[in-house]
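Read the structure below first, then the notes.
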Amino acid sequence: MKILIVNGPNLNLLGQREPGIYGTSSFESYLPTLRQRYPDVEIDYYQSNVEGELINRMQQDGFTVDGIVLNAGAYTHTSIALYDCIRSLKSPVIEVHISNVHQREPFRHHSYLSPACRGVICGFGLDSYRLAIEALIG
């Protein structure tokens with residue numbers, strides 16, 4: 001089984017950016033934990049701050065991987081282009097958020113991506129990624 005994890009803008013700053021919301025660990029330090037927990041799953045990782053690069057990567061792999069875990073960051077609340085991309089893929093996509101977006105600013109309460117995704121997981125910190133992988137391998 002092969003799963004692609006895609007992180008969007010500002011998630012390269014995990015561990016530094018607003019630790020009260022996002023915690024003190026980088027995603028790169030968490031990724032080995034996921035790979036160790038799921039040794040039979042090939043987990044690829046990609047991060048970009050650029051919307052088009054996220055789309056390019058998901059189109060590149062979204063017809064061959066068994067699933068995509070997507071944390072689109074702020075693009076969740078603005079991107080019709082990502083919505084269209086997700087709808088065009090063969091691979092199921094799980095939308096993930098580290099924080100509980102519904103406890104935050106009102107503009108974060110709406111996701112353009114959720115209707116195109118198999119499911120949404122939010123509010124469990126970095127463990128949200130593990131829960132998404134569980135949903136894909138389930």
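Of all non-hydrogen atoms in Cys85 and Ser88, the two that sit nearest each other are O-OG, 2.7 Å. Across every non-hydrogen atom of Leu54 and Pro9, the tightest pair is CD1-CD, 4.4 Å.
Rounding to the nearest 0.5 Å places CG of Leu89 at 9.5 Å from SG of Cys117. Here the straight-line distance linking atom OG of Ser91 with atom CG of Asp61 works out to 8.0 Å at 0.5 Å rounding. A distance of 12.0 Å separates CZ of Arg57 from CD of Gln47, quoted to the nearest 0.5 Å. Note: Asn7 CG to Leu13 CG = 11.5 Å, rounded to the nearest 0.5 Å. Atom CD in Glu134 sits 11.5 Å away from atom CD1 in Ile94 (nearest 0.5 Å). To the nearest 0.5 Å, atom CG of residue Asn71 and atom CG of residue Leu113 are 10.0 Å apart.
For the pair Glu53 (side chain) and Ser48 (backbone), a donor-acceptor distance under 3.5 Å is absent. Remark: side-chain polar atoms of Tyr30 are paired, donor with acceptor, to backbone N or O of Leu126 under 3.5 angstrom. With hydrogens and angles disregarded, no donor-acceptor distance shorter than 3.5 Å links the side chain of Ser79 to the backbone of Thr76. In terms of modelled atom types and a separation under 3.5 Å, the side chain of Tyr75 and the main chain of Asn49 share a donor-acceptor contact. When atom types are taken as modelled, the side chain of Ser128 and the backbone of Phe124 share a donor-acceptor pair closer than 3.5 angstrom. Checking side-chain atoms of Asp44 against main-chain N and O of Leu4 turns up no donor-acceptor pair under 3.5 Å. Judged by distance alone, the side chain of Glu95 and the main-chain N or O of Leu70 form no donor-acceptor pair under 3.5 Å.
In this structure, Tyr129 is a member of the same hydrophobic cluster as Val41, with clusters built from ILVMFWY side-chain heavy atoms closer than 4.5 Å. There is a path of hydrophobic side-chain contacts, each under 4.5 Å, that joins Leu136 to Val96. Tracing side-chain contacts under 4.5 Å through hydrophobic residues (I, L, V, M, F, W, Y), one never reaches Val93 starting from Ile5; they form parts of separate clusters. By the criterion of side-chain heavy atoms lying less than 4.5 angstrom apart, applied directly or through intervening Ile, Leu, Val, Met, Phe, Trp or Tyr residues, Val65 is grouped together with Phe63 in one hydrophobic cluster.
Taking His77 as the reference, nothing meets the ring pair (Phe, Tyr, Trp, His ring centres under 6.0 Å) condition, with sequence neighbours excluded. Here Tyr46 pairs with nothing under the ring pair (Phe, Tyr, Trp, His ring centres under 6.0 Å) rule; sequence neighbours left out. Checked against ring pair (Phe, Tyr, Trp, His ring centres under 6.0 Å), Tyr45 has the following partners two or more places apart in sequence or in another chain: Phe27.
Salt bridge present: Asp127 and Arg130 bring a charged side-chain N and a carboxylate O closer than 4.0 Å.
A 6.0 Å sphere centred on CZ of Arg87 holds no more than 12 heavy atoms belonging to other residues, nucleotides or ligands.
Using a 4.5 Å heavy-atom cutoff, the side chains of Gln60 and Asn56 are not in contact. Side-chain contact between Met58 and Val6 is present, with heavy atoms from C-beta onward closer than 4.5 Å. Residues Lys2 and Thr64 form no side-chain contact, since every pair of their non-hydrogen atoms from C-beta on lies 4.5 Å or further apart.
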